[in-house]
Amino acid sequence: GSPNHYNEWNNLSLETLSGDLKGAFGDGVGISTFWTNKTEDIDAIVKKALAGAPDIIGISIQPGSMDNVKALVERLNTEQAVKDGKVIVAFGNQIPTYIPEKLIAMCPKGVVIRGEGEMSLRGLVRVAKGELKLSDVPSAVYMDRDSGKIVHTQIIPPKLDSLEYPPTPDTYAGIARRGGNVQVQASRGCPWGGCAYCTRSSFRRGGIVIEKGRTASWEGFTVERVLKTLDDVMAQGITEVEFSDDDFIGGRKEENISRIIAIAEGIDNLSRKHGIKFSFRIFTRPNIIYREGDADGKNEAMVQALLKMKKAGLVKLFIGVEAGNESQLKRYTRGMKLSETAQAIKI
């Protein structure tokens, strides 16, 4: 992590990947997680990691942390197991997705995973087991040992309805003791996908191309997985979560509305099961809440769905206003009208 930020949330990306690997391989994998934003921790962490004779060392790189990453990689590059290629050093998260070649230059024996990592990490486990070649791993960047050339395998985002295993609840109890709340993810991507400033297309490639420069890539996890995650959260004493989805609702289709109602009803049932007053926060776009002209006839249905979520514990809804005038909205290619934003705020 960045030395300028505390680790105040659960590390959702690592817990998500850990939960997927444990679900997919069961006792065939053992996973240890270390987090730091301090260079002085690196030597101790490397010693702990290598003491377990790992097959893979995964490094999740958050913005603002490159100085620490350089120090970590320099340390790893001195290890014989890394030099010999006996340990796969894999880099993931936002920064490696954008600059994979720079990471390979720092760690020539390393592998960069671009975008979402579940299927790629499953592939790396199978490489470590001798069942796959590195060239078979999706979304990977690495240096071919024979030619010295950089190889890019095809970026393939996972289909979320096939990812049935929830994140590991490693940090929930500790967060509950501190009176905190956790991040949960119910979906990925955006139903618009065309804002001029957004980076989501780097992670949700392969979406439906609606028009040039705009790719709708929103996809939801199954309701069952979302509720299983929330059951784990509540079981550890957590009473509030933030859904970190780019867009929690995902659109105005009947299936979107039915889905969020099912999640709301499930949350209501879980709150009663655990005997707690549960609350949650979500993000969405203004013109999902309200559409001028209401061509799809969903404005009132959306209001009723929001009321059901409020009853289940919705306490904050962040809507992406982004600009206060029409010309700026056009420059941002937001795909909405200012009047829709104003009406969404009223609702």
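Numbers here simply count residues along the sequence, with the first being 1.
- Residues Thr36 and Asn68 fail the side-chain proximity criterion, which asks for heavy atoms closer than 4.5 Å.
- When hydrophobic clusters are built by joining Ile, Leu, Val, Met, Phe, Trp and Tyr residues whose side-chain heavy atoms come closer than 4.5 Å, directly or via intermediates, Phe91 is not grouped with Val137.
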Checklist entry - Checking side-chain contact (heavy atoms from CB on, under 4.5 Å) for the pair Lys109/Val89: CA distance, chi angles, key distance, verdict? => result CA-CA 7 Å; Lys109 296 290 179 69; Val89 178; over 6 Å; no
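- Relative to the ring axis of Phe221, Arg225 places its NZ or CZ within 45° and under 6.0 Å from the centre.
- Between Arg126 and Asp136, every side-chain heavy-atom pair lies at or beyond the 4.5 Å cut-off.
- Within the 4.5 Å cutoff, side-chain heavy atoms of Leu314 are placed close to those of Ile282.
- How far CG of Asp296 is from CZ of Arg291: 5.5 Å, rounded to the nearest 0.5 Å.
- Both Leu317 and Ile288 belong to a common hydrophobic cluster when Ile, Leu, Val, Met, Phe, Trp and Tyr are linked at side-chain heavy-atom distances under 4.5 angstrom.
- Between the side chains of Ser187 and Asp245, a donor-acceptor pair is found at a separation under 3.5 Å.
- No hydrogens or angles considered: nothing links the side chains of Asn287 and Arg334 as a donor-acceptor pair under 3.5 Å.
- With values rounded to the nearest 0.5 angstrom, Lys253 atom NZ is found 13.0 Å from Ser258 atom OG.
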task = Apply side-chain hydrogen bond (donor to acceptor under 3.5 Å, both in side chains) to the pair Asn11 and Ser13, showing each step before the final yes or no.
result = CA-CA 6 Å; Asn11 200 314; Ser13 58; 3.2 Å; yes
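- Using a 30° and 60° split on the angle between ring planes, Phe280 and Phe248 fall in the tilted class, from 30° to 60°.
- Note on Glu292 versus Lys337: salt bridge recorded, some NZ/NE/NH1/NH2 to OD/OE distance being below 4.0 Å.
- Remark: aromatic rings of Phe283 and Phe243 are distant, center separation not under 6.0 Å.
- The existence of a salt bridge linking Lys273 and Asp231 is confirmed by a sub-4.0 Å separation between a basic side-chain nitrogen and an acidic carboxylate oxygen.
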*Are Cys107 and Asn77 close enough, and set up right, to give a side-chain contact (heavy atoms from CB on, under 4.5 Å), and what steps lead you there?*
CA-CA 7 Å; Cys107 184; Asn77 283 341; 3.7 Å; yes
### Message
As a quick check of understanding, evaluate side-chain contact (heavy atoms from CB on, under 4.5 Å) for Leu329 and Glu326, giving each step before the final call.
### Response
CA-CA 5 Å; Leu329 284 175; Glu326 296 286 359; 4.0 Å; yes
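- Between Glu164 and Thr222, the closest side-chain pair of non-hydrogen atoms is not below 4.5 Å.
- Salt bridge Asp247/Arg285: absent, no basic N to carboxylate O contact under 4.0 Å.
- Taking the charged nitrogens against the carboxylate oxygens, Asp246 and Arg188 have no contact shorter than 4.0 Å, which rules out a salt bridge.
- Looking at heavy atoms from C-beta onward, Val111 lies out of side-chain contact with Val141 at the 4.5 angstrom threshold.
- There is a side-chain donor-acceptor pair under 3.5 Å between Tyr332 and Gln328.
- Side-chain heavy atoms closer than 4.5 Å link hydrophobic residues (I, L, V, M, F, W, Y) into clusters, and following such links, possibly through other members, connects Val303 to Ile319.
- Side chains of Glu101 and His152: a donor on one and an acceptor on the other come within 3.5 Å.
- Judged by distance alone, the side chains of Thr171 and Glu15 do bring a donor and an acceptor atom under 3.5 Å apart.
- Residues Asn10 and Tyr172 meet the side-chain proximity criterion, which asks for heavy atoms closer than 4.5 Å.
- With respect to Asp294 and Lys298, no salt bridge is recorded, no charged nitrogen being found less than 4.0 Å from a carboxylate O.
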Practice problem: Step by step, work out the side-chain contact (heavy atoms from CB on, under 4.5 Å) result for Met336 and Glu322. | Solution: CA-CA 11 Å; Met336 65 181 67; Glu322 313 302 353; over 6 Å; no
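- Using a 4.5 Å cut-off between side-chain heavy atoms of Ile, Leu, Val, Met, Phe, Trp and Tyr, with links allowed through other members, Phe34 and Ile57 fall into different hydrophobic clusters.
- Between Lys149 and Asp144 no salt bridge is recorded (no basic side-chain N to carboxylate O distance below 4.0 Å).
- For the residue pair Asn256 / Arg259, no side-chain donor-acceptor distance below 3.5 Å is found, with atom types taken as modelled.
- Put simply, CD1 on Ile45 and NZ on Lys38 are 10.5 Å apart, with the number rounded to the nearest 0.5 Å.
- Salt-bridge check for Lys316 with Glu242: failed, with every basic side-chain N at 4.0 Å or more from each acidic carboxylate O.
- Both Ile175 and Phe278 are part of a single hydrophobic cluster, where members link through side-chain heavy atoms under 4.5 Å apart.
- Within the 4.5 Å cutoff, the side chain of Val315 has heavy atoms near those of the Glu240 side chain.
- Among Val87, Ile42, Ile59, the single residue meeting the side-chain contact (heavy atoms from CB on, under 4.5 Å) criterion with Leu76 is Ile59.
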